[in-house]
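For reference, the structure is listed below as structure tokens.
Side chains are part of it too, since the values below use all heavy atoms of this structure and drop only hydrogens, waters and symmetry mates. Every value quoted in this text rests on a predicted model; they were computed, and no experiment measured them.
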Amino acid sequence: MALQILRRGRISLLDRILDILDPSKSDFVVYRTLFFTNPSGKFTGMLDLIFENDHGRVNLLHWMEPHATKLVSEKIADEMDDVKSILGGTSMRKPRSDSAKQKNKFKSCNTACNVIIAQLAKERSQLSIYFAAPFTLFLWTNGAGSRQTIEALHKCGLCISFPSLTKLLNNLTTQTLEEAARIARGPHVMCYDNINISTSIFVEQRASAPAKVQSGTFAVLYEVRNGDPAHMRLSPTLSRAQQASDLTFNCDVLPSRN
């Protein structure tokens, strides 16, 4: 009977439900309160029936996607905050013995606590590598990151795997070259610096063999922020350099007070 009345009034069932759930309509406050109270489980049962339907599942998942992402992020953040508070309370606890109190007056375990939190986040999601990736790059750039060492630390959760390291290096190289090309097309300053490259210690002793240490120079591009090309013309700079007077120690050099 109720559905027939709605049909004759050209009102859909969803329109009536939206009217009831509209917070601006005070006439349906009682119905709205009972609808969300869910004492009998009918509200969750309705959602279950919608999810079991093929078309309903598609619409429900499409609606849930942005909200689910936010919910999962907040859930993980809350868990990490709880872990941080527990670890912080444990690590920052004052030493108990008299000897420890004298030697560890300024004891702080913030770094260790942050590392543990970062590793727990990595165990929750492999995309959270804010410690593992930089630490692996640090070992590799300092010559301590052999494949065996990195793979062993990867098993302990402290590093990324060696194949992931090579992929990361390729991505960093590509991004750095793209950044250098972008800077080179705009106002920039180019400088030179020395470089020493250490090769393998197992270099064959023969004629024309590569040296264990190779030295050279490399260019460094610095982006000029808010640079104006008109202020960087070479001809006025050379002209003023030719007309400039010589520097004298008494007039042009002012020693510092220190």
Next item on the list: Keeping the roles fixed (side chain from H62, backbone from L60), state whether a donor-acceptor pair exists under 3.5 Å.
Entry: no
Check: What is the minimum heavy-atom distance between L168 and A133, and which atoms define it?
Finding: CD2-CB, 4.1 Å
Check: Among all residues two or more places apart in sequence or in another chain, which pass the ring pair (Phe, Tyr, Trp, His ring centres under 6.0 Å) test with H67?
Finding: W63
Margin query: Could you work out, with ring pair (Phe, Tyr, Trp, His ring centres under 6.0 Å) as the rule, every residue matching F162, not counting sequence neighbours?
Written below: none
Next item on the list: Show the numbers, then the answer: is there a side chain to side chain contact (heavy atoms under 4.5 Å, CB included) between C159 and L139?
Entry: CA-CA 9 Å; C159 288; L139 295 177; 3.8 Å; yes
Note to self: Using side-chain heavy atoms (C-beta onward) and a distance below 4.5 Å, is I150 in contact with L165?
What the structure shows: yes
Next item on the list: Report yes or no: do T248 and N250 form a side-chain donor-acceptor pair below 3.5 Å?
Entry: no
Notebook entry, point to check: Which pair of non-hydrogen atoms, one from A184 and one from L221, has the smallest distance, and what is that distance?
Noted result: CB-CD1, 4.0 Å
Note to self: L169 vs L137, test: side chain to side chain contact (heavy atoms under 4.5 Å, CB included). Steps then yes/no.
What the structure shows: CA-CA 8 Å; L169 291 173; L137 289 174; 3.7 Å; yes
Check: Is there a side-chain contact between Y192 and V220, using heavy atoms and a 4.5 Å cut-off?
Finding: no
Checklist line | Partner set under side-chain contact (heavy atoms from CB on, under 4.5 Å) for R185, not counting sequence neighbours | finding: A181, R182
Notebook entry, point to check: Taking R57 as the fixed residue, which of N53, N59, L61 is the one that meets the side-chain contact (heavy atoms from CB on, under 4.5 Å) rule?
Noted result: L61
Item checked: Residue pairs involving residues 147-171 (criterion side chain to side chain donor-acceptor pair (under 3.5 Å); sequence neighbours excluded) -> S146-T149, S161-S164
Next item on the list: Output the distance between atom CG (L158) and atom OG1 (T136), rounded to the nearest 0.5 Å.
Entry: 8.5 Å
Item checked: Point-to-point distance, once rounded to the nearest 0.5 Å, from CG of D252 to CG of L247 -> 4.5 Å
Next item on the list: Applying side chain to side chain contact (heavy atoms under 4.5 Å, CB included), run through K25 and D22 and close with a yes or a no.
Entry: CA-CA 6 Å; K25 297 183 178 180; D22 189 352; 3.7 Å; yes
Check: Can you check whether E52 reaches L49 side chain to side chain, under 4.5 Å on heavy atoms?
Finding: yes
Note to self: To the nearest 0.5 Å, what is the distance between NE2 on H188 and CD1 on I183?
What the structure shows: 9.0 Å
Note to self: Do T217 and N194 pair up side chain to side chain, a donor and an acceptor below 3.5 Å, judged on atom types alone?
What the structure shows: no
For residues 226-239, tabulate all N or O donor-acceptor pairs below 3.5 Å that involve a side-chain atom, not counting sequence neighbours.
residue, atom, partner, partner atom, Å
D228, OD1, A230, N, 3.2
T237, OG1, R233, O, 3.1

Next item on the list: Can you run down the ring-ring contact (aromatic ring centres under 6.0 Å, His included) pairs that involve residues 119-144, sequence neighbours left out, and say none if there aren't any?
Entry: F131-F135
Notebook entry, point to check: Do M190 and F218 belong to the same hydrophobic cluster, where Ile, Leu, Val, Met, Phe, Trp and Tyr are linked whenever their side-chain heavy atoms lie under 4.5 Å apart, directly or via other members?
Noted result: no
